[in-house]
There are 2 protein chains.
Amino acid sequence: MEHSVTSENLALDRQGLHQIVVDRLRKLIVEGRLEAGSRINEKALCEQLQISRTPLREALKVLANEKLVELLPNRGAKVVLLSDREIAEAFEVMARLEAISGELACERITQPELDEIHALHYEMLACYTRKDLPGYYDINMRIHALISKAARNELLQDLYQRVNFRIQSLRFRSNFDETEWAESVQEHTELLEALTKRDGARAAAVLHLHLTKKQRKLKL
Amino acid sequence: MEHSVTSENLALDRQGLHQIVVDRLRKLIVEGRLEAGSRINEKALCEQLQISRTPLREALKVLANEKLVELLPNRGAKVVLLSDREIAEAFEVMARLEAISGELACERITQPELDEIHALHYEMLACYTRKDLPGYYDINMRIHALISKAARNELLQDLYQRVNFRIQSLRFRSNFDETEWAESVQEHTELLEALTKRDGARAAAVLHLHLTKKQRKLKL
DNA sequence: TTGGCCAATTTTGAATTCAAAATTCACACG
DNA sequence: CGTGTGAATTTTGAATTCAAAATTGGCCAA
């Protein structure tokens, strides 16, 4: 192995083991692979992730701060299970954050970014036509993430992501019937229009409504 | 000692040592007693706080997640020093969050809460008259916190606090001349008016402007 | 003196250890 | 049968340990 250095130093350790664990665990939670409400056993998780308890416990404390897990004194951690009220609050905040992002994005988005969103929009239409729901969800999320990014405010983007982490796992609870799906697509078309015209107020309004409707589609 | 239990169990440990350390450290940072940009020595802090390194390191990771400290790989932690851009972003977000809180508070605030805000407002006027700036700051913050609370959305309140932690330490950098102080007081009076009339749009507008002006008062 | 190099020391990252708390489980008793 | 009790086991919280990385400080040479 001619090129190898002392220790295979691929994964240039960004910032300590704990951060890697935070990201992996958060992904597991957000994707629903770690069930909401379920207990987290430190030993078991350590073995699964092949790490010692220290970085795992550090990660759990960070995720508790993000309110993705709950720390019970002397009784370990559990994946947070949102109450109906918390879900409603998250959507109320998300609707506002998206509206703000949309408004700011109208002022600050670049043409290449706008083009990319348009491209994604067509990809999304393709998924819609094929009734490919997972693909639709994925592209939809990427569009919203790009808008958040185009608002050119990293703190706003951070808050957006934070709230998004909370509600993303709820996508399994949304029942998209044919009519509602079509409606959602229509809203996206209007959003693109507003963005293209740099009509901030309209983009904000469309996004606020879009999120409010998304909330209504949740199964209770 | 007749009443004493095995171990003096006052401070009913809310939730582990690390959380206590998080709160204490955050307070030190926000109050500026831990200088922005300064290195944090684990051993020294451990001795000062009379704890071992484990809970301190857990706390540092949480605070890094809150972006109050920065973790440098293998080189320890330092208190975050905000760039001008980050400060501008924080105020941009804060202005929006306050506006949202004000708007929602108009819909949801109770009469006792409104009364308490009025009482605080008069206390604040007293501080203003006496030119008691620390007292003014303190009451001012409590008024804004109450409005955030009256919005009846814990997640929104959490985001509000998070952003507030970031910019609170900047209060040392604001130069309040006589005119500006008077102006600020006037804005508060208008805010109270809007709240009393439950005029959400107006409360939002006043708060947005209030924050924007606050930002302009910062020394660069 | 100044600059560079290497050993000694300090500091960090993460695993391990140890005590305290909670949980499990067997068994006696009603 | 179901229920309460307590010892054994597991799990958690936090200190300690240990290796790796960074920093410091001294020494030598230019």
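Reminder, nothing fancy here: chain letters follow the sequence lines and each chain counts from 1.
- Rounded to whole Å, the distance from NE2 on A:His18 to P on C:dA15 is 13 Å.
- Residue A:Leu72 contributes atom CG, which lies 14 Å from atom C1' of D:dG13 at whole-angstrom precision.
- With respect to B:Glu103 and A:Arg96, a salt bridge is recorded, a charged nitrogen being found less than 4.0 Å from a carboxylate O.
- In this structure, B:Asn41 reaches the C:dT11 phosphate: one of its side-chain N or O atoms is under 4.0 Å from OP1 or OP2.
- We find that B:Asp138 and B:Arg142 are joined by a salt bridge, their nearest charged nitrogen and carboxylate oxygen being less than 4.0 Å apart.
- In this structure, B:Ile40 reaches the sugar-phosphate backbone alone: every heavy-atom distance under 4.0 Å involves primed, P, OP1 or OP2 atoms, never a base.
- Electrostatic pairing of A:Lys214 and A:Glu98 does not count as a salt bridge here, judged by no charged N lying under 4.0 Å from a carboxylate O.
- Contact annotation: side chain of B:Thr54 to base of D:dA15, donor-acceptor pair present below 3.5 Å.
- For B:Asn74, taking side-chain heavy atoms from C-beta onward, the closest of the listed nucleotides D:dA14, C:dG13, D:dG13 is C:dG13.
- Residue contacts shown for B:Glu42 are limited to sugar-phosphate atoms, with no base heavy atom under 4.0 Å away.
- For D:dT12, one of the phosphate oxygens OP1 or OP2 lies less than 4.0 angstrom from a side-chain nitrogen or oxygen of A:Arg39.
- The distance from atom NZ of B:Lys78 to atom C1' of C:dT12 is 16 Å, rounded to the nearest whole Å.
- Checking D:dT11, C:dA14, D:dA15 against every side-chain atom of B:Pro55, the shortest atom distance belongs to D:dA15.
- The pair B:Glu92-A:Arg108 counts as a salt bridge, with a side-chain nitrogen and a carboxylate oxygen less than 4.0 angstrom apart.
- Separating the CZ atom of A:Arg53 from the P atom of D:dT17 is a distance of 18 Å, rounded to the nearest angstrom.
- Contact annotation: A:Arg75 does not reach the phosphate of C:dA21 (side-chain N/O to OP1 or OP2, under 4.0 Å).
- The nearest whole Å value for the distance from the CD atom in A:Gln15 to the C1' atom in C:dT12 is 14 Å.
- Rounded to whole Å, atom C1' of C:dA14 lies 15 Å from atom CG of B:Leu56.
- Across the protein-nucleic acid pair, A:Lys43 atom NZ and C:dA22 atom C1' stand 16 Å apart, rounded to whole Å.
- Taking atom CZ on B:Arg57 and atom P on D:dG13, their separation rounds to 18 Å, with Å as the unit.
- A cation-pi contact, defined as under 6.0 Å to the ring centre and within 45° of the axis, links B:Arg26 to B:Phe165.
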